[in-house]
Amino acid sequence: MSEHKDFLRTIVEEDLKAGKYKEVVTRFPPEPNGFPHIGHAKSICINFGIAKDYDGHCNLRMDDTNPTTEDTRYVEALKDAVQWLGFEWDDSVRFTSDYFAQIHAYAIELIKMGKAYVDSVDEEQMRELRGTVTEAGKRSKYAQRSVEENLDLFERMKNGEFKDGEHVLRAKIDMGAANMKLRDPLLYRIRHAHHFRAGDTWCIYPMYDFAHCLSDYIEGVSHSICTLEFENNRDIYNWVLDTLGLEAPRPYQHEFARLGINYTVMSKRKLLELVEAGVVSGWDDPRLPTIAGYKRRGYTPESIINFCDGIGIAKANSMVDVAQLEFTIRDDLNTKVARVMCVLDPLKVTITNYDESEDIEASFYPHDVPKEGTRKLPFSKEIYIDRADFSETPEKGYFRLTPTQAVRLKYAYIITFEEAIKDADGNIVEIKAAYHPDSKSGEDTSGIKVKSAIQWVEAKMAKNVEVRVYDRLFKSEAPEGVEDINPDSLKVIKTALIEPAVITDKPDVRFQFEREGYFYADPVDYTDENPVFNKIVGLKESSSKKKKAPQVAPKAEPKKEQIDGEVVAMSESEQALFDKYTVELKLGSMVADILARDEKLSSFYAEALSSLNSPVSIANIVSNDVARELKEKEVNELSFDAKQIAELVKMVDEELISSKIVKQVFEEMVKSGDNPTDIVEAKGLVQISDPAVIAPIIDEIIEKNPDNVEKFRGGNTKLLGFFVGQVLKATGGKANPKMVNELVAKALNA
RNA sequence: UGGGGUAUCGCCAAGCGGUAAGGCACUAGUUUUUGGUACUGGUAUUCGGGGGUUCGAAUCCCUCUACCCCAUCCA
């Protein structure tokens, strides 16, 4: 677990500490209506990860409440994904459909409580009655049905006496709720459909909002973690469990931001479109962000998990750069995988002065990968190199073979250019070169300096392989649909040549093709006759090698000006108050504004003022600290009163306590409702303003932090705050901060 | 438009009143028979804007702005 916990783990820890739950139970609850993608992987990592970190467990639950879209094919894909990532679910796979009977019983209970009713308006009417975001909705006339009638109707719904859409069961909550989700949400609808699991036993199915919270409760889930778009649903979640009076411990819902990655799409709908339109070869197309796609492409589970860990968990909508994903797979494979030579775009090279043949022993791993293993590389007069590794007219900074620049054949000899053979169109079809017999790798005495060592294969022994070079599926960073498809997202190279050992010995399934990237033997199409490799990801290229600098960043716009909206005007009485505050009491206009506009605040202020004539100080504390408390409370709910605030301010005015301590005392007042004077006395919070007491503490701090002293004296004046903070901490906040500031500054500058 | 959220480097993301973490990307250098890797350095005088409180504010208060979610018998 990383040092910095995400907010979910923070919540879990607090709950555990408070003894809210005996055990952490989470769940990964996908709907089996599509293939899981990397966004699901994030959720899997969060849910299974948290369970693992806190010795709890995580259920895999198929949220199968909609028989018309779900299929067992998808549950298999979902199970695969979790397993492939290396997580284990508790017990067997759960299904919401397993709880249909219990959920149904809860529905009846709700009806009996008068908290649910059968509604019989059609869809269109229902939409109208729901109102809009700004207007309250109206309840349908059916909401008045008696419990008996509701019970009867609901029973008949269950028995299949009605057609789809004829009736629904609704929770009776509030048609005027500002949260639209709370306007009598649907609990059950009629669906005469075959359920892939429950078969035909049901013709009513619970809605997500009803089934999910109850399923969580039934499974003993403690932390129900979902994505941000369910924030509004949280109120129903709580309503159902609370209204049913389900006993603690019960689950609570927490939301995090779903994953977005640029140059791809993540919604099930868009993914399905691509698959159905045949733009990709299927759900496991290596260009897709599906788990099946990444798996087929050659990504490792570790890399996906590292990626999910790396991006963190928060509540801000975000779009992660694919480069971050690519980093994790390179990083993972770098230390694991054998390096072999494959020439993607072969150019024949004849070594004019070499006539024998030999086998060269070469390590599978570079010096910095602590793994063992070698293979034999055949070498002879005729070899192939990559077309890109020769240039007749090299640009500045080109490191490979040119008419005037020798290059090393990796693990073998250095060669120098002799002649380029061209066809009628002027295309180079062959290079003639000379090798240097004394330059053999490991026993080089030639003294020739080369800038690069390139991959090659021996012509006769090389195996022909198919290489599928994948690039991002979309050309735009935030693709909308098929129109944004990158036409070059797949290049099939049928004529690549690979060193024989890879095919004959099959040392592994994943390789680094030297200087090209990481590749994976396609698990589906690879055969001995037609070996197929998928490009997982290219090697990182330093900018100097990159052909055209894709310099995008068109330097920042000149900082867009922000136009402030208009502030609501004050009413007449508020204005009068404001004037009084600013003119008579000499308050700052901001503070006066806050007070004048808030009736609770202004009357609280007036009351405090009546017991202590210190208008500015009181105004400050009322407009800041008291205002915070009054945000969600009424005056009579406060644990303290205006008189006590006046008392507190008095102590500040008399310099009995420092402004820092005020915060502390105030917190205490909020918590306990005790008198400020008593708090100060009980905790001994009286301000220390004696330099004789403070000075030695400062000396000590200075002595303990020589580095920072040096930095400070070197010009980092921000560090003054650090020292002041340290001194204040050492005195429990009691030292007079103004004095500390002065003394520290003096001491530091001494 | 009512309600619910979110804003910290190009992209993620810590931070919860006392020195603006870290990763990716970028960049300079060292090592290197991969233009890879590894290593070393450089990258936010400032936290969406403006005010206020405080000795001290990314953190507390006020206000404005931008973006996301909610009016499926989807989940």
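Note that the coordinates shown come from a computational prediction; the quantities given were computed from them, not determined experimentally. Quick note on labels: first sequence line is chain A, next is B, and so on, each numbered from 1.
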How many Å lie between [atom1] on [X] and [atom2] on [N], as a whole number?
X: A/Lys663; N: B/C61; atom1: NZ; atom2: P; value: 10 Å
X: A/Asp216; N: B/A75; atom1: CG; atom2: C1'; value: 13 Å
X: A/Gln664; N: B/C60; atom1: CD; atom2: C1'; value: 16 Å
X: A/Met126; N: B/C74; atom1: CE; atom2: P; value: 11 Å
X: A/Ile385; N: B/U34; atom1: CD1; atom2: P; value: 17 Å
X: A/Asn317; N: B/C70; atom1: CG; atom2: P; value: 11 Å
X: A/Arg408; N: B/G35; atom1: CZ; atom2: P; value: 13 Å
X: A/Tyr581; N: B/G52; atom1: OH; atom2: C1'; value: 16 Å

OP1 or OP2 of [N] less than 4.0 angstrom from a side-chain nitrogen or oxygen of [X], does that happen here?
X: A/Lys5; N: B/C16; answer: no
X: A/Lys660; N: B/G18; answer: no
X: A/Arg130; N: B/C73; answer: yes
X: A/Asn624; N: B/C62; answer: no
X: A/Arg330; N: B/G36; answer: no
X: A/Arg269; N: B/U72; answer: no

- Could you check which of B/G35, B/U1, B/G36 has an atom nearest any side-chain atom of A/Arg400? B/G35
- Can you figure out which of B/U72, B/C24, B/C55 approaches the side chain of A/Leu728 most closely? B/C55
- Message: Is A/Phe399 stacked against the base of B/G35, taking the criterion as centroid distance under 5.5 angstrom and interplanar angle under 30°?
- Response: yes
- Message: I'd like to know if the side chain of A/His40 reaches the main chain of A/His37, judged simply by a donor and an acceptor atom lying under 3.5 Å from each other, with no hydrogens or angles considered.
- Response: yes
- Message: Under a 3.5 Å distance rule, please check whether A/Asn705 uses its side chain to pair with a backbone N or O of A/Asp707 as donor and acceptor.
- Response: no
- Tell which nucleotide pairs with B/C55, taking only Watson-Crick or G-U wobble pairs whose two distances are both under 3.5 angstrom. B/G18
- In Watson-Crick or G-U wobble terms, both distances under 3.5 Å, what is the partner of B/A66? B/U6
What's the gap between [N] and [M] when it is taken at their [atom1] atoms, as a whole Å value?
N: B/G49; M: B/G10; atom1: P; result: 13 Å
N: B/U43; M: B/A20; atom1: C1'; result: 14 Å
N: B/U8; M: B/A58; atom1: P; result: 15 Å
N: B/G22; M: B/A13; atom1: C1'; result: 8 Å
N: B/U59; M: B/U46; atom1: C1'; result: 14 Å

- Taking only residues two or more places apart in sequence or in another chain, which ones pass side chain to side chain contact (heavy atoms under 4.5 Å, CB included) with A/Asp593? A/Met570, A/Phe578, A/Arg597
- Message: Is any side-chain heavy atom of A/Ile190 closer than 4.5 Å to one of A/Val168?
- Response: no
- Which distance, rounded to the nearest 0.5 Å, do you find between the OG of A/Ser318 and the CG of A/Asn262? 11.0 Å
- For the base of B/G56, is there a side-chain donor-acceptor partner from A/Asn741 under 3.5 Å away? no
- Below 3.5 Å, does any donor atom in the side chain of A/Asp564 face an acceptor in the base of B/G49, or the other way round? yes
Just distance, no hydrogens or angles: give the donor-acceptor pairs under 3.5 Å from side chains in residues 333-342 of chain A, sequence neighbours left out.
unit_1   : atom_1 : unit_2   : atom_2 : d
A/Lys336 : NZ     : A/Asp332 : OD1    : 2.8
A/Lys336 : NZ     : A/Asp332 : OD2    : 3.0
A/Arg339 : NE     : A/Val337 : O      : 3.3
A/Arg339 : NH2    : A/Asn334 : O      : 2.2

- Would you mind classifying the nucleic acid contact of A/Gly442 as base, sugar-phosphate or nothing, using non-hydrogen atoms under 4.0 angstrom? base
- Message: So for atom NZ, which belongs to A/Lys738, do other residues, nucleotides or ligands contribute more than 12 heavy atoms lying within a distance under 6.0 Å?
- Response: no
- Anti/syn call for B/U72, syn if |chi| within 90°: syn
